[in-house]
K.L.:
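Encoded as structure tokens, here's the structure I'll be asking about.
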Amino acid sequence: MVGGEAATEAGRDFIRDIIAADLESGRHRQVVTRFPPEPNGYLHIGHAKAICLNFGVAQEFGGRCHLRFDDTNPTREEQEYIDAIERDVRWLGFDWGPHLYHASDYFEQLYDWAEYLVHVGKAYVDDQSQEEMRAARGTLTEPGRNSPFRERSVEENLDLLRRMRAGEFPNGARVLRAKIDMASGNINLRDPVLYRILHAEHPRTGAAWRIYPSYDFAHGQSDAIEGITHSICTLEFEDHRPLYDWFIDNLPVPSRPRQYEFARLNLSYTVLSKRVLTELVRGGHVGGWDDPRMPTLAGLRRRGVPPAAIRDFIRRVGVAKANSVVDVGMLEFSIREHLNRTAQRRMAVLRPLKVVIENYQGLGEELDAINHPDDPSAGTRRIRFGRELYVERDDFMENPPKKFFRLSPGKEVRLRYAYFITCREVVKDAAGETIELRCTYDPATKGGNAPDRRKVQATLHWVSAADAVPAEVRLFNQLFMSEVPNAGNFTADLDPNSLEVLPGAMVEPSLAGTNAVDAVQFERQGYFYRDPDSAPGKLVFNRTVGLRDTWAKVQAAL
RNA sequence: UGGGGGAUAGUUCAACGGUAGAACAGCGGACUCUGACUCCGUUAAUCUAGGUUCGAAUCCUAGUCCCCCAGCCA
């Protein structure tokens with residue numbers, strides 16, 4: 001658990017207000033919440049909001065939060081997803097202790113309650129086809145019509161229900177329906193389906209069941225069985241609440257949970273739809289559920305986003321009932337904020353340009369570099385200088401605009417932790433491409449300061465050619481080009497340049513160490529994280545997020 | 001023309017009849033061996049129209065706009 005940290009981090013919102021009031025009034029002695037994913041896909045950052053909310057309030061108010069799989073539809077659910085969900089919730093920083101449950105744990109009890117409703121005349125078996133049911137349901141503005149099977153006897157209903165359970169009928173032949181009100185303005189109350197016939201293997205119950213409960217019939221009662229006090233869900237379930245309450249009122253359930261709804265998270269330039277994410281994976285548009293461009297927790301993890309940054313982001317976003325789209329920049333802010341404090345600094349040249357220091361005669365002395373400017377306990381490391389170096393191609397311009405502070409012909413800059421150098425000559429290939437810079441250094445500026453106190457406008461990162469280690473660096477842009485992508489036709493909106501691979505990067509030797517698995521800042525560029533595609537002799541780094549880039553803004557304005 | 005929700009700076013969230021505030025973004029500046037970080041300053045909002053009240057984002061009335069619901073999905 002993140003414990004006290006989360007408690008102090010917590011904001012205030014209408015959900016927490018309700019819980020605080022319920023505790024104060026004595027309605028509940030302890031708050032019990034649950035995070036109820038359906039195991040039909042990977043968790044994404046939208047789920048992180050629900051997870052942080054449910055586990056968060058439980059922590060803050062001294063209660064508990066259950067992890068419960070809503071596994072009522074075996075035609076869509078898989079064990080792979082169950083495992084991934086548990087892994088991702090833990091990674092996010094939450095612990096359900098012994099409280100791991102499944103809706104399928106309650107199948108027998110739910111079935112008993114179905115028979116109970118039949119006994120009291122509040123449920124019936126309907127033989128109508130799916131099409132007939134749809135036609136009889138009415139529309140948004142017209143009431144529905146009662147099913148011709150609505151007034152069957154209790155005995156006949158019971159017999160049919162039991163034979164449904166026994167597997168006597170094919171898929172779709174009959175359903176069990178609640179007898180509520182076919183004329184209700186709320187369509188969820190027009191005799192909703194409680195059980196459908198599904199001859200399908202269930203990941204947990206195997207072939208034990210031929211009928212499976214609907215979400216509506218399973219969710220609230222599962223909450224009641226577990227003693228959930230506050231059943232927190234998203235807005236689209238708001239008009240299911242009367243039905244939720246109908247089951248609680250009409251069944252001998254052991255407790256009285258109440259449902260509250262909040263607005264789900266939306267992020268700009270991002271799609272948080274399991275359907276679309278699944279198609280992205282199955283259609284090969286991304287490398288998998290953990291592709292660093294994916295908004296899944298697995299993708300964010302691989303990208304190098306720390307879970308604490310996600311929690312901080314969720315806290316900043318808040319909880320309310322208004323639909324909204326959060327600027328993805330806010331997520332990036334939380335990531336930078338966290339990584340700036342925690343990531344050690346290193347030097348890496350993404351697009352190398354060779355520099356020869358013509359007057360350097362040394363053999364390559366070692367210099368001290370600071371691992372973290374704000375954290376002395378992170379210590380220092382030794383980096384080797386040399387006659388041949390690499391600097392960033394973007395740090396040189398032959399004909400620079402006025403505001404360009406970096407290297408250009410005749411200009412002096414500082415090489416971080418090393419010396420001042422001045423560009424003397426530009427070497428080009430036959431095509432006119434700059435391939436090398438001939439520079440001179442000032443031996444008196446060793447360590448990076450001039451005895452005469454003269455200043456330079458820029459400090460450049462660099463690596464020495466002699467001991468630089470080659471690496472592949474992967475840069476990511478948003479997967480979608482539109483600020484609010486159209487989930488209906490998302491392929492047209494995919495950015496073909498969302499992945500940029502730089503195969504020829506050169507990094508500090510310290511980055512090749514086997515223990516270099518933590519997030520790291522490549523100075524002046526961004527935060528990077530070792531990708532699992534790395535292998536002995538093959539380093540791969542993902543850019544988690546770039547540093548704020550004021551120069552890019554100035555440049556864009558030129 | 002049914003039912004359920006929602007509208008506050010560009011964005012997200014506060015303010016619960018009593019000075020409309022924060023964060024992110026933006027803009028300007030300071031600092032800087034990261035054009036980073038940090039710090040300082042600053043632009044910027046109550047959907048509309050009436051009403052109640054000494055006083056309304058908040059209460060009332062009438063509108064407007066947006067979202068969700070017609071799966072044997074969740």
Side-chain angles (χ1 to χ4, degrees), chain A residues 11-14 17 36-38 40 70 72-73 75-77 126 129-130 133-135 137-144 171-177 183-190 192-198 211-212 214-216 218-219 233-242 261 263 265 268 274-275 313 315-334 336-337 340-341 345 347 370 373-374 403-406 414-418 420 447-449 455-461 521-526 546-555:
Chain A
R12 224 50 196 176
D13 53 68
F14 76 99
D17 288 346
E38 184 191 12
N40 67 342
D70 234 326
T72 57
N73 188 345
T75 65
R76 298 156 50 114
E77 296 150 8
D126 196 340
S129 69
Q130 204 162 161
M133 270 185 64
R134 183 169 28 244
R137 187 151 30 229
T139 68
L140 295 180
T141 53
E142 303 158 30
N171 287 354
R174 292 177 227 267
V175 291
L176 182 72
R177 290 229 257 174
S184 173
N186 182 342
I187 290 175
N188 294 306
L189 262 21
R190 319 242 263 228
V193 170
L194 273 31
Y195 270 93
R196 73 282 213 194
I197 298 168
L198 246 33
I211 58 173
Y212 291 92
S214 63
Y215 163 85
D216 285 307
H219 201 93
C233 64
T234 44
L235 254 28
E236 68 268 29
F237 293 102
E238 216 152 10
D239 49 17
H240 287 242
R241 190 171 359 114
E261 310 86 11
L265 176 71
S268 60
K274 265 197 216 171
R275 194 206 94 230
F313 165 69
R315 179 188 61 77
R316 286 169 186 273
V317 163
V319 181
K321 293 198 69 160
N323 291 311
S324 60
V325 180
V326 177
D327 187 343
V328 72
M330 229 185 272
L331 206 214
E332 293 178 351
F333 174 85
S334 287
R336 287 194 190 99
E337 210 267 332
N340 177 50
R341 276 188 284 118
R345 314 285 126 123
M347 292 203 284
I370 292 166
D374 305 320
K403 299 237 175 106
F404 187 79
F405 300 155
R406 285 109 94 146
R414 171 166 41 229
L415 292 181
R416 179 141 230 219
Y417 301 124
F420 286 12
N449 289 299
K455 300 290 183 196
V456 288
Q457 275 187 301
T459 299
L460 270 41
H461 61 277
Q521 182 194 100
F522 290 176
E523 295 215 40
R524 303 208 305 132
Q525 311 210 77
L547 255 27
R548 262 189 90 227
D549 190 351
T550 307
W551 164 240
K553 243 182 285 181
V554 172
Q555 203 175 23

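Chain letters run A, B, ... following the sequence lines, proteins first and then strands; every chain starts at 1.
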K.L.:
May I ask you to say what A:Y417 touches in the nucleic acid, namely base, sugar-phosphate or nothing, with a heavy-atom cut-off under 4.0 Å?
P.N.:
base
K.L.:
Would you please confirm or rule out a distance under 4.0 Å between OP1 or OP2 of B:rC73 and any side-chain N or O of A:K274?
P.N.:
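It does not, given that no N or O in the side chain of A:K274 lies less than 4.0 Å from OP1 or OP2 of B:rC73.
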K.L.:
So, the side chain of A:Q555 versus the backbone of A:W551: is there a donor-acceptor pair under 3.5 Å, distance only?
P.N.:
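Answer holds: no.
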K.L.:
Within the side chain of A:R196, is there an N or O that forms a donor-acceptor pair under 3.5 Å with the backbone of A:G172?
P.N.:
no
K.L.:
Under 4.0 Å: is that the gap between some side-chain N or O of A:R336 and OP1 or OP2 of B:rA36?
P.N.:
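Checking A:R336 against B:rA36: no side-chain N or O falls below 4.0 Å of OP1 or OP2.
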K.L.:
For the side chain of A:N186 and the backbone of A:D239, is there at least one donor-acceptor N/O pair under 3.5 Å apart?
P.N.:
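Checked: pair present.
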K.L.:
Base, sugar-phosphate or nothing for A:E238? Non-hydrogen atoms, less than 4.0 Å.
P.N.:
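Since only primed, P, OP1 and OP2 atoms lie under 4.0 Å of A:E238, the category is sugar-phosphate.
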K.L.:
Between A:R12 and A:D17, is there a salt bridge with N-O shorter than 4.0 Å?
P.N.:
yes
K.L.:
Determine the minimum heavy-atom distance between A:R414 and A:F420, stating which atoms define it.
P.N.:
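Looks like NH1-CE1, 3.5 Å.
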K.L.:
Classify A:H219 by what it touches in the nucleic acid, base, sugar-phosphate, or nothing, heavy-atom distance under 4.0 Å.
P.N.:
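A:H219: no heavy atom of the nucleic acid under 4.0 Å.
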K.L.:
Provide the closest heavy-atom pair for A:F405 versus A:A458 in the form atom of the first, atom of the second, distance.
P.N.:
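Heavy atoms of A:F405 and A:A458 come nearest at O-CB, 3.3 Å.
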K.L.:
Rounded to the nearest 0.5 Å, how far does CD of A:E523 lie from CG of A:L547?
P.N.:
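Output value for this atom pair is 9.0 Å.
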K.L.:
Take the angle between the ring planes of A:F237 and A:Y215 and call it parallel below 30°, perpendicular above 60°, tilted in between.
P.N.:
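Because their plane-to-plane angle lies in the 30° to 60° range, the rings of A:F237 and A:Y215 count as tilted.
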K.L.:
For A:N40, does its backbone N or O pair with a side-chain atom of A:R76 as donor and acceptor, under 3.5 Å?
P.N.:
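No.
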K.L.:
Toss me the dot-bracket line for RNA chain B: Watson-Crick and G-U wobble, both under 3.5 Å, 5' to 3', using | for pairs to another strand and [ ] for crossers.
P.N.:
.((((((..((((....[..)))).(((((.......)))))....(((((..]....))))))))))).....
K.L.:
Does the side-chain ring of A:W551 sit on the six-membered ring of the B:rG35 base, less than 5.5 Å centre to centre and under 30° in tilt?
P.N.:
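Per 5.5 Å and 30° rule: yes, stacked.
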K.L.:
At 4.0 Å (heavy atoms only), tell me whether A:Y212 reaches a base, stays on the sugar-phosphate, or touches nothing.
P.N.:
nothing
K.L.:
Is the glycosidic torsion of B:rG28 within 90° of 0, making it syn, or is it anti?
P.N.:
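Here the answer is anti: the torsion falls beyond 90° from 0.
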K.L.:
Please classify the nucleic acid contact of A:V554 as base, sugar-phosphate, or nothing, using heavy-atom distances under 4.0 Å.
P.N.:
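A:V554: no heavy atom of the nucleic acid under 4.0 Å.
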K.L.:
Using a cut-off of less than 4.0 Å, is there contact between a side-chain N or O of A:R190 and OP1 or OP2 of B:rG2?
P.N.:
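No.
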K.L.:
Donor-acceptor check, side chain of A:T459 to backbone of A:R416, threshold 3.5 angstrom: yes or no?
P.N.:
no
K.L.:
Over all strands shown, is A:T141 touching base, sugar-phosphate only, or nothing at heavy-atom distances under 4.0 angstrom?
P.N.:
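Result for A:T141 = base.
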K.L.:
Using whole Å, what does the distance between atom C1' of nucleotide B:rC69 and atom CG of A:N323 come to?
P.N.:
14 Å
K.L.:
Would you say a side-chain N or O of A:S324 is under 4.0 Å from OP1 or OP2 of B:rC13?
P.N.:
yes
K.L.:
Specify the separation, in whole Å, of atom CG of A:N171 and atom C1' of B:rC73.
P.N.:
15 Å
K.L.:
Is the distance from OP1 or OP2 of B:rA36 to the nearest side-chain N or O of A:T550 less than 4.0 Å?
P.N.:
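A:T550 to B:rA36 OP1/OP2: side-chain N or O found under 4.0 Å.
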K.L.:
Anything under 3.5 Å between a protein N or O and an N or O of nucleotides 16-22 of chain B, put it in a table, one pair a line.
P.N.:
{"unit_1": "B:rC16", "atom_1": "N4", "unit_2": "A:D17", "atom_2": "OD2", "d": "3.3"}

